[in-house]
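A, B, ... follow the sequence lines: proteins, then strands. Residue 1 opens every chain. Computed from a prediction, not measured in an experiment: that's the story for all the values here.
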Amino acid sequence: MSHTSIDTQRHSAAHLLATAVLQLHPEAKLGVGPAVDNGFYYDFETAEPLTDAHLKDIEKRMKKLIGRDVIFEHRELSLDEARAIFPQNTQPYKAELLDDLAAEGETVVGIYTSGDFTDLCKGPHVRSSKEINPDALKLMRVAGAYWKSDETRPQLTRVYGVLFATKEELDAHLHMLEEAKKRDHRKLGKELDLFTFSDLVGAGLPLFTPKGTLLRDLIVEKIHGLQKKYGYQKVTIPHITKRDLYQTSGHWEKFGDELFKVKGQSDQEFVMKPMNCPHHTQIFAGHKRSYRELPLRLMETTTVYRDEQAGELLGLSRVRAISQDDGHVFCTTEQVAAEVSGIIDVIRAFYTSLGMFEEGKYWVSVSVRDPKTPEKYLGDATRWDDAEHILEDIARKEHLPYTRVEGEAAFYGPKIDFMFKDAIGREWQLATAQLDFVMPERFALRYTDASGEEQTPVMIHRAIAGSLERFLSVIIEHFAGAFPLWLAPTQVVIIPVSEKFADYAESVRAQLEAADLRVTVNNQSDTLGKRIRTAQKEKIPYMLIVGEKEIADSTVSVRSRDDGDAGVYTVTSFIATIQDRAQ
RNA sequence: GCCAUCCUAGCUCAGUUGGUAGAGCGGCACAUUCGUAACGUGCAGGUCAUCGGUUCAAUCCCGAUGGAUGGCUCCA
């Protein structure tokens with residue numbers, strides 16, 4: 001009977017994992033092995049690389065150990081005693097941890113022994129391995145991981161396992177992973193024909209099909225509609241620029257490696273734009289500005305290009321050509337709070353329309369400086385303090401579920417980021433509002449205030465969907481491809497029972513199109529059942545079946561993607577029923 | 001970029017312990033004209049990711065490159 005917490009069991013399982021690996025690789029050098037969400041891991045450096053093929057054997061050995069009633073015993077040792085157990089030559093990582101502890105002023109360290117395995121460890125642990133349920137344990141995969149998460153240090157092999165209290169919980173977890181796989185946007189993007197990749201075009205460069213492009217346009221139009229009353233104006237900028245722009249903005253120094261370089265006929269070197277803000281500042285700088293023009297709100301949906309590390313790319317979630325619904329507000333310090341509130345209004349309205357703005361489905365990061373590394377941020381400290389306070393105040397007033405996260409600020413200012421989860425719980429930043437006191441200064445932006453003095457405006461960067469690619473990946477998974485009516489690429493498919501009713505189908509199509517609905521007719525010679533199945537797999541919200549019965553009184557038989565048979569409607573009453581949800 | 005695994009038809013996947021390959025779905029043709037999740041028959045479609053090496057012979061073994069996946073690092 002176990003009275004220890006599942007986290008304790010997971011941590012102990014990590015020790016058993018190390019024990020099992022040492023049986024196979026007595027020379028293995030050990031890193032660390034903590035409990036994590038749903039399980040545990042341990043990092044190893046072995047002479048022969050550990051691979052997935054070894055997992056079965058290791059898992060079997062772990063289960064054997066569990067059955068053997070291994071007792072976990074705790075001891076406190078002096079540093080020197082511990083160093084004798086973890087000598088530099090055979091266990092350099094443990095030895096380094098001991099050095100770290102010594103540097104922190106520790107004089108005694110905790111040691112746990114379980115069977116013939118001894119580890120440097122604070123605990124706590126189970127008393128006996130029997131407290132762990134072997135049927136609820138599974139090793140999942142191996143992965144590389146840098147020692148101390150530092151890419152300049154050696155890379156160890158990390159073995160991940162999951163552990164629960166019961167086999168039922170393990171099965172439920174594995175089932176959840178299966179379900180998540182089914183709604184993976186990479187799979188659905190292919191099945192629903194939304195986007196594709198080409199080896200000839202390159203990694204991280206998605207190609208959007210007509211349906212995928214429709215989705216993008218619908219999203220962008222929705223955002224435009226919601227923010228109409230906030231006074232944004234569309235602008236257009238070229239996709240390349242001289243490097244001078246980023247040398248002035250400060251981006252060159254920080255992100256030079258990730259810029260795509262472009263050369264023309266002259267020696268002049270251009271770069272693909274990795275962001276739009278510097279360009280937008282030059283629109284502000286285009287002529288003398290008065291305080292009467294502020295806030296000046298510019299926006300544009302446009303693509304930026306970033307040479308992301310190859311290993312970082314992931315479907316649409318992380319790409320090299322990133323389409324942003326990017327906006328920049330130039331305003332006075334006094335206007336900042338109202339402007340940010342307005343942005344949050346739009347974010348709230350937009351995500352509410354998708355059912356994603358619900359408690360527990362998102363959280364908000366008030367991203368501020370890391371006080372330990374002030375050199376990473378540009379601009380003077382007082383302005384930073386003010387800006388961070390403004391954002392936190394707004395988050396509080398707007399009742400957002402926010403957390404202050406140190407070290408997440410951009411180098412030019414603090415920000416509010418809206419974080420949403422995908423199908424398997426990975427979090428993605430979508431909407432954002434970022435304050436910037438630095439860039440206006442660097443570009444020497446000025447406006448004339450009411451008393452005729454020149455002043456520097458504040459700049460606010462904002463995105464509602466963020467990266468359209470990332471946004472699409474999240475909503476494809478959120479809806480498992482079954483988009484709400486207004487977002488469905490095809491909203492209605494008309495299925496005539498047989499070819500004899502094709503003319504009627506066409507007349508129904510014309511009526512629906514006149515009502516601005518996106519409609520297709522499926523006239524293929526497949527059976528009715530087959531065409532319904534096809535529509536269902538394409539996740540088209542409504543199927544209208546028309547045949548002899550319907551022609552007689554100008555009706556359609558409605559089948560809903562989500563609820564099945566929905567009854568008979570006249571064409572006009574069907575349109576009236578769905579029209580509100582269709583736009 | 002790093003570690004590991006992987007790449008066979010448009011898609012999902014079999015297969016060959018080295019003798020140049022198959023299925024289902026999809027596509028096309030014919031047939032069918034059907035009442036709420038798969039009618040039937042036939043055909044087309046692959047230098048087995050690319051390039052190089054070993055070999056009498058490579059889709060299979062080795063290497064490089066490209067791409068994908070799971071992590072790590074990074075993310076304006």
Side-chain angles (χ1 to χ4, degrees), chain A residues 41 43 45 49-55 140-160 181 184 186-187 190-191 193 196-204 246 249-259 273-278 304 306-315 317-319 322 324 326 378 408-413 415 424 428-429 432 434 436 438-439 461 467 470 495-502 523-537 543-550 557-561 564-566:
Chain A
Y41 68 79
D43 289 344
E45 184 182 308
L50 285 173
T51 68
D52 292 323
H54 302 114
L55 290 182
M140 301 299 281
R141 68 182 78 91
V142 297
Y146 296 108
W147 171 237
K148 289 187 172 172
S149 294
D150 181 345
E151 63 175 324
T152 65
R153 305 298 305 270
Q155 190 161 40
L156 310 180
T157 304
R158 178 169 297 179
V159 179
Y160 277 101
K181 233 189 224 170
D184 186 310
R186 291 164 296 194
K187 179 174 146 70
K190 207 176 272 175
E191 287 173 4
D193 193 23
T196 186
F197 288 90
S198 156
D199 283 3
L200 293 176
V201 175
Y246 299 122
S249 70
H251 290 107
W252 184 266
E253 218 184 307
K254 290 256 177 194
F255 301 106
D257 289 348
E258 290 186 41
L259 299 181
K273 69 178 159 83
M275 77 265 300
N276 309 305
C277 17
V304 298
R306 298 177 187 175
D307 191 10
E308 303 281 1
Q309 299 182 42
E312 279 311 316
L313 302 174
L314 178 72
S317 309
R318 193 81 183 263
V319 292
I322 306 156
Q324 301 178 317
D326 206 1
L378 301 178
E408 280 298 306
F411 70 87
Y412 49 72
K415 49 185 187 156
I424 55 172
W428 299 100
Q429 179 217 307
T432 184
Q434 315 184 352
D436 186 349
V438 173
M439 211 176 296
H461 308 250
S467 144
R470 176 176 296 182
I495 306 177
V497 171
S498 84
E499 234 170 59
K500 287 182 290 197
F501 313 109
N523 241 334
Q524 290 189 293
S525 69
D526 295 322
T527 60
L528 178 64
K530 179 61 185 293
R531 284 175 290 158
I532 285 171
R533 181 181 154 84
T534 302
Q536 202 70 44
K537 286 179 80 174
M543 290 148 251
L544 304 186
I545 291 66
V546 296
E548 200 155 7
K549 288 184 265 177
E550 287 76 16
S557 285
V558 179
R559 183 189 160 96
S560 139
R561 168 191 70 196
D565 195 344

Could you please name the option among [options] that lies closest to any side-chain atom of [X]?
X      : options                : answer
A:T51  : B:rC74, B:rU5, B:rU33  : B:rU5
A:K530 : B:rU12, B:rG26, B:rU33 : B:rG26
A:S525 : B:rC34, B:rG1, B:rA76  : B:rC34
A:E499 : B:rC72, B:rU33, B:rC74 : B:rU33
A:T527 : B:rA76, B:rU69, B:rC39 : B:rC39
A:Q155 : B:rC2, B:rC75, B:rU69  : B:rC2

First encountered from the 5' end of RNA chain B, between A:R158 and A:E408: A:R158

5' priority, RNA chain B, between A:Q434 and A:V546 [closest heavy atom]: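 Result: A:V546.
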
Worked verdict on A:R559 versus A:Q536 for side chain to side chain contact (heavy atoms under 4.5 Å, CB included): CA-CA 10 Å; A:R559 183 189 160 96; A:Q536 202 70 44; 3.4 Å; yes

B:rA9 and B:rC48, which share atom name C1', separated by this distance in whole Å: 10 Å

Complementary nucleotide of B:rU20, counting Watson-Crick and G-U pairs under 3.5 Å: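 When the pairing criteria are applied, nothing turns out to pair with B:rU20, so the answer is none.
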
Whether A:F255 stacks on the six-membered ring of B:rA76 base, 5.5 Å and 30° limits: yes

Phosphate OP1/OP2 of B:rG70: any A:R186 side-chain N/O under 4.0 Å: yes

